Every structure is written in structure tokens, then in C-alpha cells.
Amino acid sequence: MAARTERARTLLDGLNPEQREAVITTEGPLLVLAGAGSGKTRVICHRLAYILAAGFCGPRNVIAVTFTNKAAGEMKERVSRLTGLDVRSLWVSTFHSAAVRMLRAAGNLVGVKRDFTIYDEGDSEALVKRIIKDRGWDPREEKPRHYAELISRAKDDALDPDDWLEKTFLHRAVAEKIYEVYREYEKRLARAGALDFGSLLLRAVKLLRHPEGKRRFGERFQYVMVDEYQDTNAVQYEMVRLLAAAHGNVCVVGDDDQAIYEWRGANRANILAFEKTFPKAKVITLTRNYRSTQGILDAASHLIGNNTRLREKKLRAERGSGSVPRLIRARNEYDEAEQVVRAIRTNLKAGAAKKDHAVFYRVHALSRVLEEVLSASGIEYQLLRGVSFYQRAEIKDVVAYLKLLVNPDDDGSFLRICNKPARGFGAKTLERLVAAATERNLSLMAYLRKCGEDRENRPAQRKKEAAFVEMLDELQSLLKKESVSIVVREVLERTRYLELYDQNDPEDLQRFENVREFLSAAQDFEESADEPTLAAFLERITLATDADDYDPSADRVVLSTLHAAKGLEFRHVFIVGCEEGLLPHGRALGEEADAEMEEERRLAYVGMTRAKDTLTMSYAFERRMYGQIQARTRSRFLSEAGIDDTSDWGGTERETRSFFVGRTPATLSGSRDTGIVGCGVLSEGDSVRHHRFGTGVVLYVAESGDENEVVQIRFKNKVKNLMTKFAHLTRV
DNA sequence: CTCGTGGTGCTTTTT
DNA sequence: GCACCACGAG
């Protein structure tokens with residue numbers, strides 16, 4: 001017992017008093033407000049480890065919920081290292097994986113059959129589209145994406161079609177249409193034995209309310225932990241509440257300033273609701289920032305100070321003052337990318353690694369130019385996100401075959417692949433088939449099996465259909481005796497799927513490669529999984545994302561959207577495209593878009609607080625967007641953050657613009673007047689004079705020597721970043 | 001049934 | 001500018 005206590009106590013070493021308090025407060029409800037860079041992950045892991053090491057309960061009585069599989073995996077790994085315990089029975093997972101796990105075990109209690117299929121967003125949208133078409137509506141008018149999104153939001157708020165109709169503020173006629181689609185959508189999901197992401201959570205909640213489910217899962221978990229709590233939606237909140245109901249030991253960790261997913265149903269006010277639901281909740285605020293220097297933190301704090309905040313907190317840098325954020329002004333997106341890359345190259349020369357750098361942008365579209373310029377410079381990079389591997393058409397096709405084997409009622413998968421390659425399921429045939437099956441409320445496969453015979457003649461057609469059914473039956477029987485990878489191989493073989501591809505077409509060749517990669521993923525899976533079934537494999541890939549692929553050890557510059565940047569940190573951070581309409585995004589600019597504007601601000605805040613040593617923001621005077629060149633205005637966030645543009649070189653915005661337009665960079669450099677310092681002359685500690693700011697001392701010189709040299713100078717009461725070529729500095 | 005073209009319409013996207 | 005989809009011609 002003493003040894004145990006001793007071991008638990010060492011877990012507190014190296015934690016600050018607040019962190020320590022959070023770790024040892026294991027009983028009762030606890031809300032940890034963790035500012036950016038305040039050691040949140042550390043607290044969560046140590047707290048989990050502490051509970052286990054102290055022997056308060058066994059691993060199977062703890063559940064920790066995070067938002068990505070990757071975060072979950074790392075957490076588990078870390079807890080294992082910290083405790084030396086076997087953590088296999090510890091539930092560390094995403095909300096969705098936890099839901100799946102419970103439903104696979106006891107879904108029958110709430111009407112979920114064992115072999116249910118999971119529909120991802122693409123599958124849901126495809127289903128919505130079929131419903132809209134079946135109604136005879138034009139999918140260009142009634143946009144499936146729009147409908148699918150509304151349905152998904154409704155589920156985030158736990159609203160069934162009737163609840164939703166009652167609550168919606170949309171125009172009656174519009175609302176009725178959506179209601180109709182939503183109802184039909186639910187009907188068809190049920191018929192297909194499928195659950196979408198929203199239903200997974202809703203069914204899990206239903207299960208936790210069921211007496212038997214409550215007994216099995218509600219009472220099992222003595223300790224509940226939730227990460228990124230500010231991004232939970234209403235249903236996830238309810239799930240947390242139910243999981244914690246029996247024992248009341250629930251710890252949620254979050255930061256309302258970093259809530260960036262309200263647009264998809266998250267509710268950052270859950271942070272306030274927590275204290276209402278658990279009136280005795282203890283609140284611990286972590287405000288010591290171990291990541292960034294004070295200069296960066298000040299800018300970020302200034303920015304976020306423009307929001308109305310739920311829980312205001314002031315972060316303090318533990319690392320000292322450091323440099324203040326820099327601003328890059330560029331003529332266009334190419335100039336912007338070139339300046340960023342130049343700055344990166346300067347850092348590389350000074351000994352920094354490529355992986356110490358990250359470039360963030362609001363929209364993926366901005367990555368292209370950066371990629372071009374990085375490639376041209378021979379600097380390796382890795383792109384976060386982009387189309388997920390598992391979202392590619394060819395992968396979804398193969399997956400659809402597999403899903404159909406596990407759950408033959410999955411009409412979505414059936415329709416996707418029944419005619420790939422062509423085997424007699426043309427448009428007309430399918431139309432008839434769907435109509436006949438719908439009439440009998442049967443899935444397509446069930447209809448083919450049961451009623452294939454009693455349809456009118458067409459013997460040739462029936463033969464083809466029978467062959468298809470037989471092929472799937474054979475594959476299905478393989479499932480019982482062969483491993484996942486062998487089944488995948490057989491599927492490719494027997495369906496002759498790969499014959500769709502032309503070996504001479506480079507795009508097809510890529511698809512071919514992707515399918516091969518998929519095959520090797522299947523192999524990896526069956527070698528490593530606890531339960532190497534096809535259903536488990538499908539589950540994993542449906543709930544997997546590309547975020548899970550980011551490799552922090554690879555020495556490459558990271559390109560990422562601001563959203564995907566959450567949770568990461570880099571020595572040198574660049575945020576490009578700081579322009580009105582981009583960051584903040586155009587959709588947040590309207591009169592009645594205050595909430596959106598605040599979310600944009602939080603997004604910028606998240607990006608800025610990723611930086612450890614230097615932060616550079618940039619904007620361009622013009623940029624090609626949607627195929628045309630547009631004049632751009634610098635983002636309001638820059639001045640809100642105190643990253644003051646105009647003062648950097650001593651002119652006004654208009655002067656800057658006219659100065660740039662029509663000039664090439666070469667004509668910009670150098671100075672005509674004697675006494676004015678040129679590039680490559682200054683070094684740290686030099687005293688200089690600026691015509692507006694007076695005299696100051698050079699703090700440091702970035703990109704020394706070339707025409708983009710930037711010097712940081714401390715004037716009487718402010719620190720400025722100036723470009724030597726514009727600043728017209730003289731020596732004192 | 002497949003291929004080509006033209007029209008459209010475009011944040012973000014943990015699961 | 002680009003990617004995706006629907007529709008029409010072959």
C-alpha cells in the first residue's frame with residue numbers, strides 16, 4: 001500500500017500547484033479550464049495515471065473521451081508508460097468509438113442490430129440525395145449537402161424530425177420539405193441497418209438510459225474524463241452526464257477561447273452548464289503558459305480580448321518575453337509564399353529543423369501556392385488533411401463491397417457498387433428494383449433474395465441478378481473462415497473491380513496504388529487488432545481520419561488549416577491570408593454574424609497560440625480567388641492583436657499599396673540617401689533612429705542580408721518589426 | 001454504357 | 001481555377 005502511494009505521489013513531480021490540484025482532485029465533479037499551452041494533456045494523463053497508480057479502481061472502471069483516435073492512442077500510451085500497468089482494458093477513445101463499443105455489446109437493448117453499418121458524412125449525403133431525387137425534386141435546387149447538414153445539426157441537438165419541425169425558425173414551406181426528407185432518411189437508415197455519426201451517439205445515450213445498459217455501462221465507470229470539452233455538443237454532454245451519473249467522479253477539461261466547432265453543433269456554453277448540472281463542481285484554472293513567449297501571448301490575448309468571453313483568464317508566459325509577432329505584407333499570394341519560404345529558409349540556415357515550422361491558413365485553397373513554392377525550394381512538407389484516404393472514390397467502392405458482406409441490407413453500399421464494373425444494373429433496372437423493394441419495405445438485397453422470382457419475366461436480367469447475389473453469398477461464406485486481408489483480396493478478384501482501371505491512365509494507376517495501400521492497411525490491421533474481424537476493420541476506417549496520419553517526427557514543414565492545427569505546437573508559426581473575407585472568413589462578415597465573427601477570432605487565436613518562438617502573420621494586397629484577381633484588405637485581427645501594420649515602415653496603408661503596385665521587388669530594395677542604413681548592415685545592439693519612432697535599439701535581425709531583412713527594434717515604449725528597406729533607419 | 005463537355009458553385013470538417 | 005456532376009452524343 002505504501003509503495004502504491006509512493007508511486008502515485010511521484011506522478012505529481014514537475015507539476016505546478018494548479019496542475020497538481022487537478023490531478024489529486026479525483027472525487028466529485030471537476031472542471032479544468034485549461035488555457036492554451038498550459039499543460040492540459042499532461043494533466044489529463046497524469047490524472048488518469050494517478051487514479052490507477054493509487055489503486056482507486058482498476059483500468060476497466062475508467063473512461064476517458066477525446067476527440068481524435070490519435071489523441072486517444074497517445075493518451076493510452078502515455079498512461080501505460082506512467083503507470084507500467086496493463087491498460088488494454090482502459091477505455092480511452094473518441095465519443096463515437098465508445099458509442100460503437102457499447103452498441104456492439106448491447107445494442108440489441110435499444111433496437112440496434114449486431115452487424116450495423118456506420119454511415120459517414122458522404123454516405124449520409126448520398127442517401128439524402130437519393131431521397132430528394134425519389135421525390136422528383138431537383139438536387140441542384142434542393143441541395144443534398146444542405147439537407148444532410150441540417151439533419152446532422154438536428155441530431156447534434158437530439159431533435160427527432162418532429163422536435164425539429166417544432167423548433168425550427170426556418171420558413172414553414174422550407175421546413176416542411178426538410179422535415180419530410182429527415183423522416184424518410186431515418187426510415188431508410190433503419191431499413192439499411194445503418195447508423196450515422198449522430199445516431200451512434202443518440203443510441204448510446206438511449207442505451208445508457210436503459211436499465212440494463214445503465215447497469216452495464218453507467219455503473220461500470222467510476223471515473224470519467226473528457227478532453228476538449230468546449231467542443232462537445234448537446235448529445236455528447238448528455239452522454240457524459242449519464243456516464244457520470246452513478247459515481248459522480250467526472251472531470252472535464254476545456255477552454256472556451258478555443259471553441260472552433262460551434263458551426264457543427266458544438267456548444268461551448270457546456271462549460272457553463274457543467275456547473276449547473278454538477279452544482280458542487282470544483283473549478284481549476286490553468287493560466288501558466290509553457291509554450292509561447294510573452295510577446296506572442298500578448299498579441300493573442302489582445303486579439304481574444306475583443307470577444308465576449310464565458311470565462312475570462314489571463315495567460316502568463318513562463319518562458320520570458322521573446323520576440324513580438326512579425327507581419328509580412330505581400331503584393332500577391334506568390335509574393336506571400338515566397339516571403340514565408342524565405343523566412344523558413346533563414347531559420348533553416350540558423351539551424352532550425354523543417355519540422356519546427358508550420359504554415360496555417362483558413363481554407364485549403366491557400367495551400368497550393370505554398371506547396372508550389374516549397375517544392376521549388378526543395379523543402380519537404382507535409383499537408384494535414386486534404387481528402388482523406390478513406391474518402392477516395394476507389395477506396396469507398398472497395399469498402400462498400402465489404403460493408404455489403406457484413407450487412408447485406410446496406411442499400412447505400414449496394415447502390416454504390418452493384419454496377420461497378422457493369423453487371424446489368426443499369427439506371428432503368430435499378431429504378432424498377434428500388435421501387436419494388438420500397439413497396440415491400442425491404443432492402444434491395446432482401447428483395448432480390450425473396451422476391452427475385454415473382455417479378456415479371458426478363459429471364460436474362462434475373463440471371464444477372466442471381467449471379468450477383470450468388471457472388472456475394474460466396475464471399476460472405478469466406479468471411480467465416482478467412483482473414484480480413486484474404487477476403488479483401490477475394491473481393492477484388494471476384495468482383496473484377498480492378499478491371500475498371502486502365503493501366504495506361506496515370507490517374508487510374510494512382511487509384512490502383514491506393515487500392516493496394518488499402519490492402520496492406522487490411523494486413524496491418526489483422527496483425528495488430530485485438531479482434532481482427534471485418535466488422536472491426538470497417539469500423540476503424542469509418543471512424544478514422546487523416547489527422548491520424550500526421551507524423552510529428554518526420555522532418556518536414558507542416559501545412560495545415562487553422563482547424564487542424566488545434567492541439568499542435570511549433571517553434572515557428574506562419575499564418576497566411578490574414579485578410580478580411582478570408583480570416584475572418586466572408587461568411588462571418590454580415591451584420592448579424594457576431595457569433596461567427598467571434599468563432600473566427602477564436603480560430604485565429606488557436607493558430608497564434610500554437611507558436612513557441614516566433615509568430616509571423618501575413619496578408620497580400622491582391623490575391624487570385626475564384627479565378628479572378630481581387631484587391632484585399634488586411635484583417636481586422638491584426639490591429640486587434642496589436643500587430644500594427646502601418647507603423648511597421650512608417651507609412652499609411654494607402655501609401656504602402658501605391659508603393660507596391662507596379663513595382664518589382666528589386667526596385668524596392670536599397671536606399672538612395674546617404675546615412676540611411678541598407679540591408680545586411682545592422683546587428684543586435686545597434687542604436688538607430690526612425691523618423692517617427694525616434695531612437696531605439698536593435699533586438700534582433702531576421703533574414704539578415706537580403707532585401708527582405710526585418711529588424712526588431714525597441715523604441716522608447718514599444719517594440720517594432722521593421723523592414724530595413726522601408727524603414728529608412730539611420731545610425732545613431 | 002462510356003466518354004466528353006459544359007454548367008455550377010465553391011469554409012472549416014475531431015467522428 | 002478547379003472539381004464535380006449531369007446530361008447528351010456516339
Side-chain angles (χ1 to χ4, degrees), chain A residues 65-72 93-100 118-125 129 133 138-141 143-146 148-149 152 155-156 195-201 204 227-228 230-233 235-236 258-266 333 360-366 368-369 384-388 390-391 393 419-429 500 502 505 539-548 550 560-567 577 581-589 596 599-600 602-604 606-607 623-629:
Chain A
V65 188
T66 65
F67 273 82
T68 61
N69 297 298
K70 184 170 191 266
S93 68
T94 61
F95 276 104
H96 293 83
S97 301
V100 168
I118 303 170
Y119 272 16
D120 67 16
E121 278 172 355
D123 301 327
S124 298
E125 198 182 312
K129 191 172 180 177
K133 281 184 166 174
D138 181 355
R140 279 172 307 191
E141 293 289 321
K143 298 195 186 78
R145 164 98 63 85
H146 184 221
E149 204 135 282
S152 176
K155 292 191 173 191
D156 288 335
L195 296 178
D196 60 15
F197 288 150
S199 314
L200 280 177
L201 301 180
D227 191 12
E228 305 284 14
Q230 76 281 354
D231 289 324
T232 51
N233 64 29
V235 179
Q236 288 164 331
Q258 294 186 67
I260 54 175
Y261 284 102
E262 295 216 305
W263 58 274
R264 65 187 290 175
E333 68 271 29
F360 301 142
Y361 33 77
R362 179 65 233 272
V363 296
H364 274 302
L366 296 200
R368 224 195 70 237
V369 178
L384 262 60
R385 292 289 174 288
V387 185
S388 164
Y390 295 110
Q391 307 278 42
N419 215 29
K420 277 182 196 173
R423 50 173 80 86
F425 290 95
K428 272 268 135 56
T429 312
L500 281 173
D502 174 1
D505 180 336
E539 218 156 79
R540 164 149 350 165
I541 64 184
T542 311
L543 298 179
T545 58
D546 272 12
D548 304 331
Y550 164 55
S560 162
T561 61
L562 287 159
H563 282 94
K566 195 167 75 168
L582 216 42
L583 181 66
H585 191 270
R587 295 245 181 143
L589 293 180
E596 284 87 345
E599 184 146 307
E600 294 292 309
R602 291 194 292 269
L603 196 51
V606 166
R623 182 183 297 278
R624 186 180 284 273
M625 293 188 83
Y626 300 133
Q628 28 192 1
I629 293 171

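So you know, we letter chains A, B, ... as the sequences are listed, proteins then strands, and number each from 1. Please read these numbers as outputs of a predicted model, since none were measured by experiment.
Using a 4.0 Å heavy-atom cutoff across all strands shown, A/R140 reaches no nucleic acid atom at all. Looking at heavy-atom distances under 4.0 Å, A/G567 makes no contact with the nucleic acid at all. Heavy atoms of A/K129 sit under 4.0 angstrom from primed sugar atoms or phosphate atoms, though from no base atom. Residue-level contact check: A/Y261 touches the bases, meaning some heavy atom is under 4.0 Å from a base atom. Residue-level contact check: A/E228 touches neither bases nor backbone, having no heavy atom under 4.0 Å from any strand.
Across the protein-nucleic acid pair, A/M625 atom CE and B/dG9 atom P stand 18 Å apart, rounded to whole Å. A/E121 places its CD atom 11 Å from the C1' atom of B/dT12, with the value rounded to the nearest Å. The nearest whole Å value for the distance from the CD atom in A/Q258 to the C1' atom in B/dT12 is 16 Å. Going from atom CZ of A/R264 over to atom P of B/dT14 covers 6 Å, rounded to whole Å. To the nearest angstrom, P of B/dT14 lies 15 Å from CG of A/L201. Per the geometry, NZ belonging to A/K70 stands 13 Å off P belonging to B/dT14, to the nearest Å. Atom NE2 in A/H563 sits roughly 8 Å away from atom C1' in B/dT13 (whole-Å rounding). When the P atom of B/dT11 is taken as reference, atom CG of A/L589 falls 13 Å away, rounded to whole Å.
Distance from the side chain of A/K133 is smallest for C/dA6 among the nucleotides B/dT11, B/dT13, C/dA6. Distances were taken from every side-chain heavy atom of A/A422 (C-beta onward) to each of B/dT13, B/dT11, B/dT2; the shortest belongs to B/dT2.
Ranked by how close their nearest DNA chain B nucleotide is to the 5' end, A/S97 and A/E596 are led by A/E596. Between A/R362 and A/T542, the residue anchored closer to the 5' end of DNA chain B is A/R362, taking for each the nucleotide with the nearest heavy atom.
Close to B/dT13, at under 4.0 Å from its OP1 or OP2, lies a side-chain N or O of A/H364. Proximity of A/K143 to the phosphate of C/dC5: no side-chain N or O atom is located under 4.0 Å from OP1 or OP2. Close to B/dC1, at under 4.0 Å from its OP1 or OP2, lies a side-chain N or O of A/N419. In terms of phosphate contacts, A/Y626 brings a side-chain nitrogen or oxygen within less than 4.0 Å of OP1 or OP2 of B/dT11. Close to B/dT14, at under 4.0 Å from its OP1 or OP2, lies no side-chain N or O of A/T66.
B/dT12 has its base anti relative to the sugar, with a glycosidic angle deviating from 0 by more than 90°.
Not counting sequence neighbours, the partners of A/D231 by the salt bridge (Lys or Arg N to Asp or Glu O under 4.0 Å) test are A/K566. The side-chain contact (heavy atoms from CB on, under 4.5 Å) check on A/S97 picks up A/N69, A/S93, A/T94, A/L543, with sequence neighbours excluded.
Aromatic ring centres of A/F95 and A/F67: separated by under 6.0 Å.
Side-chain contact between A/Y390 and A/D120: absent, with no pair of heavy atoms (C-beta onward) separated by less than 4.5 Å.
In terms of modelled atom types and a separation under 3.5 Å, the side chain of A/Q230 and the main chain of A/A259 share no donor-acceptor contact. Under a 3.5 Å cut-off, the side chain of A/E539 and the backbone N or O of A/V100 do not form any donor-acceptor pair.
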